[in-house]
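Naming: A, B, ... by sequence-line order, numbering from 1 per chain.
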There are 2 protein chains.
Amino acid sequence: MEAVQNRPYSQTLQRLRDAGLRPTRQRLALGRLLFDSSDRHVTAEALHEEAQEGGISVSLATVYNTLHQFTDAGLLRQVVVDASRTYFDTNIHEHHHFFNESDGKLTDIPADQISLSTLPDAPEGLDVARVDVIVRVAPAS
Amino acid sequence: MEAVQNRPYSQTLQRLRDAGLRPTRQRLALGRLLFDSSDRHVTAEALHEEAQEGGISVSLATVYNTLHQFTDAGLLRQVVVDASRTYFDTNIHEHHHFFNESDGKLTDIPADQISLSTLPDAPEGLDVARVDVIVRVAPAS
DNA sequence: GTGTTTGCAAAGTGTTTGCAATTTA
DNA sequence: TAAATTGCAAACACTTTGCAAACAC
């Protein structure tokens, strides 16, 4: 539509290319929202709203599809903390989370700030795929 | 309807009474399914099915309501591991979980088998309510 | 041009709710 | 009998899908 800042634009472009995803207008726009800052935790609904506010026209269905494509491509990670919504995290490295149950906000905990000693053996025939630590917090009473 | 084993029956009866819940036919039946064995992890759907198979007539809505009432009363705990279903755990003590992503089965990990060193401080104004460790496992390749 | 992607609206899932009928105490 | 509980069906929130139109290469 109009000129955009070029650096993040082309960063996202490259990211999409590397992932084998066609850099469509929608993917570029969502990619910029997601990747221009770091450690973002979004729900589909929230990202859709943010896009609308930014004057980007994308359907909610496309936001869902895009988030899943990004996840499959390894650009995002899903975080399960709340049974009623799915969060997507732009931090794809090993780390954990604070989850504020009262406002639904997630905050990263760097992997080196939590150490798990003595992890029990996985049940037979199974391999550990990932360990998630969720520190559920609430307003101090 | 017919005679039942008396021990578990009255255990559940007592549990409900202690929790201030009227021991209705449905609650007793679901309570027996849940508490007669230990460390059960059920979804509403699965418990409903189990009840039907056992010849107990309960509506799915009542199963949901009952699971929540039991949870509010401290007899059950909710476990969030999968964005698409809610699990209820009969183990209400501190512990963690293996979650088998391929079949959706949960297994308890006793609290003393995992030790978390150096938990970072909660963000200001917030208290830690609970720490959940989820070890996601998958069939060995 | 050809195959991919989008957007809509419709369908799907799991879950919750309103309310009359039933049950418990 | 009064108050709590149940069950149904309808409503819900979030998410996925089918398919024609639009777009990228």
Point to revise | Pair Glu101(B) + Arg130(A), salt bridge at N-O below 4.0 Å | key: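 Looking at Glu101(B) and Arg130(A), the cut-off is not met.
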If you compare every side-chain N and O of [X] against the phosphate oxygens of [N] (OP1, OP2), does one of them come in below 4.0 Å?
X        : N       : result
Thr86(B) : dT15(C) : yes
Arg85(A) : dA13(D) : no
Thr62(B) : dT6(D)  : no

Measure the distance from [atom1] on [X] to [atom2] on [N] and round it to the nearest whole Å.
X        : N       : atom1 : atom2 : answer
Asn65(A) : dG7(C)  : CG    : P     : 10 Å
Leu30(B) : dT5(D)  : CG    : P     : 14 Å
Gln26(B) : dG7(D)  : CD    : C1'   : 9 Å
Asp82(B) : dG14(C) : CG    : P     : 10 Å
Glu45(B) : dT16(C) : CD    : P     : 13 Å
His68(B) : dT15(C) : NE2   : C1'   : 8 Å
Leu28(A) : dT5(C)  : CG    : P     : 13 Å
Phe70(B) : dT5(D)  : CZ    : C1'   : 13 Å

Check your understanding: Taking atom types as modelled and ignoring hydrogens, do the side chains of Gln14(B) and Asp18(B) form a donor-acceptor contact shorter than 3.5 angstrom?
Key ->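 Present: a donor and an acceptor within the cut-off.
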Check your understanding: Does a donor on one side chain sit under 3.5 Å from an acceptor on the other, for Asp132(A) and His96(A)?
Key ->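 No, no side-chain donor-acceptor pair sits under 3.5 Å.
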Check your understanding: Contact class for Thr43(B) vs. all strands (heavy atom < 4.0 Å): base, sugar-phosphate, or nothing?
Key ->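 Contact class for Thr43(B): none.
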**Study point:** 5′-ward residue of the pair Leu60(A)/Ser57(B) relative to DNA chain D
**Key:**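 Going by which nucleotide is closer to the 5' end, it is Ser57(B).
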Check your understanding: Where does the angle between the aromatic ring planes of His95(B) and His41(B) fall among parallel (under 30°), tilted (30 to 60°) and perpendicular (over 60°)?
Key ->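 His95(B) vs His41(B) ring planes: tilted.
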Which nucleotide sits closest to the side chain of [X]: [options]?
X        : options                  : value
Tyr64(A) : dT5(D), dT17(C), dT16(D) : dT16(D)
Val58(A) : dG7(C), dG7(D), dT6(C)   : dG7(C)
Gln69(A) : dT17(D), dT17(C), dT6(C) : dT6(C)

**Study point:** Note, Leu30(B) side chain near Leu47(B) side chain (heavy atom, < 4.5 Å)
**Key:**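 A side-chain contact under 4.5 Å exists here.
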Point to revise | Distance, nearest 0.5 Å, that separates CG of Leu13(B) from CG of Leu21(B) | key: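 CG of Leu21(B) is found 11.5 Å from CG of Leu13(B).
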Check your understanding: Could you give the distance from OG1 (Thr86(A)) to OH (Tyr64(A)), rounded to the nearest 0.5 Å?
Key ->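 The OG1 atom of Thr86(A) sits 7.0 Å away from the OH atom of Tyr64(A).
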Review point. Considering residues, nucleotides and ligands other than Asp121(A), do more than 12 of their heavy atoms fall under 6.0 Å from its CG?
Key: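 No, because the 6.0 Å sphere around CG of Asp121(A) holds 12 heavy atoms or fewer from other groups.
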Review point. Is dG7(C) paired to anything, Watson-Crick or G-U wobble with both distances less than 3.5 Å, and if yes, which nucleotide?
Key: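 Answer to the pairing question: dC19(D), which forms a Watson-Crick or G-U pair with dG7(C).
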Point to revise | G-U wobble or Watson-Crick pairing nucleotide for dA21(C) (cut-off 3.5 Å, both distances) | key: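 Across any shown strand, dA21(C) pairs with dT5(D).
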Short N/O separations, protein against nucleotides 19-25 of chain D, under 3.5 angstrom:
none

